[in-house]
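These values consider heavy atoms only, across backbone and side chains, with no hydrogens, waters or symmetry-generated copies.
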Amino acid sequence: MNKTVSPILLAVLLACSLAAPASGAKPTVPAALNDAEELAPLPGGAWLALDKRALRLVDADGRERATLPLRGEKLDLRPLDGGALAIVVDANTERALPVRIDFKAGTLRALPVLPETGFGIEAACMYRDAQQLDYVFLVAKDGQAQQWLLGSGASSEHRLVRRLALPSGVETCRVDDAHGTLFAAEEGLGLWAYGADAEGPPARTPVALQAPHGGLNGELTALAVLPGGVAAIDDKGSLLTWKRDGKHWRALPGRPLGAEQLVTLEPASARLMVRTDKGWQAPALAWKAGSAPPKRLPIVLPRMQTEPVAQLGDAADDPAIWVHPTDPAKSRILGTNKKQGMLVYDLQGRQTQLLAAGRLNNVDLRQDVRFGAERFDLAVATQRDEHAMVLFAIDGQGTLREAARLPTSLGDIYGTCLLRTPEGGLDAFVNDKDGRYEHYQITRTGGQFGARLARTFKLASQPEGCVADDRSGLLFVGEEDRGLWVTSARADQPATLKMVMPVGEWLHDDVEGMGIYHGAKKSYLVVSSQGNNSYVVFDAAAPFAVRGAFRVGLDAVNGIDGASETDGLEVTSANLGGPFARGMLVVHDGFKRMPDGAQNYKAVAWEDIAKALMLDEGEK
């Protein structure tokens, strides 16, 4: 088997306490390390070396500073304050072992070993995400793979984040932290790029494939990350490189070097070292970085998650928030299950009610709706089998009952949102996948609810999310592949659509759920940008300035995963107590992780969003 070596990110060289050699200095490997199975460079010319007997910390002069006896393989690491965190696989037990490296003390300290995977480990590589959380990917010969969150700080427990399927015959993998890309070399086929972030589908893109599928000749035996690209050694000893070009990859000419090992010294400046039968060399690499990594967005953590829905797959969709009239702690979260009906949760995320109303898609609600002397709290959901609106009445304790099913003229009903009119009545907007919107006025006659069609309008392509602002009388609608529109929500006004923001820098298709936060001085529109798993915040008044965007990250301490591929969301400024004293954002989570499971909903404190985007400054 050819020898492989872990690539180390530039951060290792910059963030640690020892000074790195000048960029122009000629790197050297002590002769004592020529027989090492795997190597990883450390600041100041030091090295981490792995062979069949031990993991060793060796200084630039070849002096051994620390030894950790084990029969190990698959070395990778990331920087930590004053040192680094490495991962090796104990070949005797087939378990991954994290190791803490202290440069100043010159020590190697084994940390708690990861639990058994249930398979032999053929490949292992580390990943540091935008939250600076460390993960390890462990891959079996048959393609089984697991992603583990490594314990640290307040949360010392290693957690299984997700299981994923990689190709069979993967013996080497590496992760580009900046782009969140997992590279896996498949024996007999080539190199693949996967999303390293656990939130989202494990979609893959071919980087280079062997004939007849592509121009790659031979097997890849070592990988290293370059800025906006990736390097590899093949079984003929050639150095190969590929540059990221948007969503595609461009191969650069290979260089026959007779190389056996590959080390990344400074990925940000593309400094590599290769080992040949003539020893270690630092080949000049005229590298120009490929596509820049995506923009880093602020990350807020969820404060609560609901119990998962009962069905697996694409089931949960859209939430709504009902505020208890006298005791906010008894408020409720409504959530649709597209395979079952309406779910109701308390503020601790426990399910309190299930109404088996069929395939419900979107839901919205309004409180204190008036029909003459009668007053109701009402929710409306779209029923996709009947192409109808299902009306639910909510009592003073947050208990729902079905009150009516109101037909529409749509052939494939999809999204909905409500308006409480200035007169205290209720209007409902429902849309069809073909772009049509129908605007209904909810009526009540003889103790029965009904619906009267007030107007119609149409988008050019598929919509879903919409929200009406009761205060301003504006209706915001999302066209999934094109952008965000606004028009009047009033039934007596023409539905003249004006573009607020097209898909582009801030909004990434699909444009999905949306809600309005009414602050003391300003109101904000929150929109799910599903294409990049983010949430964009706009002023809810013209000119609808963007206040920023954020992502919902993983809370390692409390064991709550992040949120991704959000279909629906809702936000309230009501004081719900505790962390939600300034309100709450509830989002649908398309991929439940840690552990894998059925979808659920995540709750985020508005206080955390306001701090992340400095919204308080905007209200001064």
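The salt bridge (charged side-chain N to carboxylate O under 4.0 Å, His left out) test applied to Asp470 returns Arg366, not counting sequence neighbours. Contacts of Asp318 classified as salt bridge (charged side-chain N to carboxylate O under 4.0 Å, His left out), with partners at least two apart in sequence or in another chain: none. Applying the salt bridge (charged side-chain N to carboxylate O under 4.0 Å, His left out) test to Lys611 and every residue at least two apart in sequence or in another chain returns Glu607. Among residues two or more places apart in sequence or in another chain, the salt bridge (charged side-chain N to carboxylate O under 4.0 Å, His left out) test is passed with Lys295 by Glu505. Remark: Tyr414 pairs with no residue by the ring pair (Phe, Tyr, Trp, His ring centres under 6.0 Å) rule, at least two apart or across chains.
No close placement of the Tyr440 and Phe429 rings is indicated, their centers lying 6.0 Å or farther apart. Taking the ring centroids of Phe538 and Phe544, they lie at or beyond the 6.0 Å cut-off. For Trp606 and Phe580, the gap between ring centers reaches or exceeds 6.0 Å. Between Tyr345 and Trp322, the ring centre distance reaches or exceeds 6.0 Å.
Between the side chains of Ser529 and His508, not a single donor N or O lies within less than 3.5 Å of an accepting N or O. Under the 3.5 Å distance criterion, with hydrogens and angles disregarded, a donor-acceptor pair is assigned to the side chains of Asp427 and His439. Between the side chains of Thr456 and Glu438, not a single donor N or O lies within less than 3.5 Å of an accepting N or O. Between the side chains of Gln351 and Asp346, no donor-acceptor pair is found at a separation under 3.5 Å. A donor and an acceptor atom, one from each side chain of Thr181 and Arg244, are located under 3.5 Å apart. At a cut-off of 3.5 Å, with distance as the only test, a side-chain donor of Asn337 or Gln311 sits close to an acceptor on the other residue. No hydrogens or angles considered: nothing links the side chains of Asp327 and His324 as a donor-acceptor pair under 3.5 Å. A donor-acceptor contact closer than 3.5 angstrom links the side chains of Glu464 and Asn362. Between the side chains of Asn600 and Gln305, at least one donor N or O sits under 3.5 Å from an acceptor N or O. No side-chain N or O of Gln397 forms a donor-acceptor pair with one of Thr399 less than 3.5 Å apart.
In this structure, Asp434 pairs ionically with Arg436, as a charged nitrogen and a carboxylate oxygen lie closer than 4.0 Å. A salt bridge between Arg359 and Asp385 is present, with a side-chain N of the basic residue lying under 4.0 Å from a carboxylate O of the acidic one. With respect to the salt-bridge test (charged N to carboxylate O, under 4.0 angstrom), the residues Asp368 and Arg375 qualify. Lys339 and Asp314 are not joined by a salt bridge, as no carboxylate oxygen comes within less than 4.0 angstrom of a charged side-chain nitrogen. Salt-bridge annotation for Asp432 and Lys458: absent, with no side-chain N of the basic residue lying under 4.0 Å from a carboxylate O of the acidic one. In this structure, Glu386 pairs ionically with Arg405, as a charged nitrogen and a carboxylate oxygen lie closer than 4.0 Å.
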Between Gln530 and Asp567, does the side-chain hydrogen bond (donor to acceptor under 3.5 Å, both in side chains) criterion hold? Intermediate values first, please. CA-CA 7 Å; Gln530 193 182 73; Asp567 286 328; 2.8 Å; yes
Please test Asp596 against Arg162 for salt bridge (charged side-chain N to carboxylate O under 4.0 Å, His left out), starting from the C-alpha separation and ending with a verdict. CA-CA 6 Å; Asp596 291 319; Arg162 63 167 170 164; over 6 Å; no
Starting from the C-alpha separation in whole Å, work towards a yes-or-no answer on side-chain contact (heavy atoms from CB on, under 4.5 Å) for Val527 and Trp506. CA-CA 10 Å; Val527 180; Trp506 290 100; over 6 Å; no
Would Asn575 and Arg582 count as a side-chain contact (heavy atoms from CB on, under 4.5 Å) if you check the C-alpha gap in whole Å, the side-chain angles of each, and the deciding distance to 0.1 Å? CA-CA 5 Å; Asn575 181 353; Arg582 291 186 59 186; over 6 Å; no
Please test Leu585 against Leu569 for side-chain contact (heavy atoms from CB on, under 4.5 Å), starting from the C-alpha separation and ending with a verdict. CA-CA 7 Å; Leu585 170 71; Leu569 62 79; 4.1 Å; yes
Going through the checks in order, is the side-chain contact (heavy atoms from CB on, under 4.5 Å) test met by Val477 and Leu459? CA-CA 9 Å; Val477 297; Leu459 296 174; 4.3 Å; yes
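No side-chain heavy atom of Thr572 sits under 4.5 Å from any side-chain heavy atom of His518. Side-chain atoms of Leu378 and Leu365, non-hydrogen and from C-beta on, never get closer than 4.5 Å to each other. For the pair His179 and Pro294, the minimum side-chain heavy-atom distance is below 4.5 Å. The shortest side-chain heavy-atom distance between Asp539 and Leu525 does not fall under the 4.5 Å cut-off. Under the 4.5 Å side-chain criterion, counting only non-hydrogen atoms from C-beta, Tyr524 is in contact with Leu615. In this structure, the side chains of Val552 and Tyr535 come closer than 4.5 Å at one or more pairs of heavy atoms. When side chains are defined from C-beta on, Val369 does not count as touching Asp377, because their heavy atoms never get closer than 4.5 Å. Between Met342 and Thr336 the shortest side-chain heavy-atom distance falls below 4.5 Å.
A cation-pi arrangement is not found for Arg204 relative to Tyr194, the charged atom failing to lie both closer than 6.0 Å to the ring centre and inside a 45° cone about the ring normal.
Glu570 contributes atom CD, which lies 12.0 Å from atom OH of Tyr601 (distance to the nearest 0.5 angstrom). A distance of 15.5 Å separates CG in Leu226 from NZ in Lys288, rounded to the nearest 0.5 Å. Between the CG atom of Leu343 and the CZ atom of Arg332 there is a distance of 13.5 Å, given to the nearest 0.5 Å. Note that CG of Leu133 is 4.5 Å distant from OH of Tyr135, once rounded to the nearest 0.5 Å. A distance of 7.0 Å separates CD1 of Ile321 from CG of Leu576, quoted to the nearest 0.5 Å. With rounding to the nearest 0.5 angstrom, the CZ atom of Phe476 is 11.5 Å from the SG atom of Cys466.
Nearest heavy-atom pair, Ala320 versus Asp364, reported as atom, atom and distance to 0.1 Å: CB-CA, 4.3 Å. Val503 and Glu480 get closest at one heavy-atom pair: CG2-O, 4.3 Å. Nearest heavy-atom pair across Met594 and Gly559 is CE-C, 3.6 Å.
Residues in residues 556-600 take part in no disulfide (SG to SG under 2.5 Å) pair, two or more places apart or across chains.
The salt bridge (charged side-chain N to carboxylate O under 4.0 Å, His left out) with Asp561 is formed by just one residue from the set Lys602, Arg593, Arg159; it is Lys602. For the side-chain hydrogen bond (donor to acceptor under 3.5 Å, both in side chains) with His588, the qualifying choice from Glu565, Gln599, Glu512 is Gln599, the only one to do so. Tested against Phe183, the residues Tyr127, Phe137, Trp249 include a single ring pair (Phe, Tyr, Trp, His ring centres under 6.0 Å) partner, Trp249.
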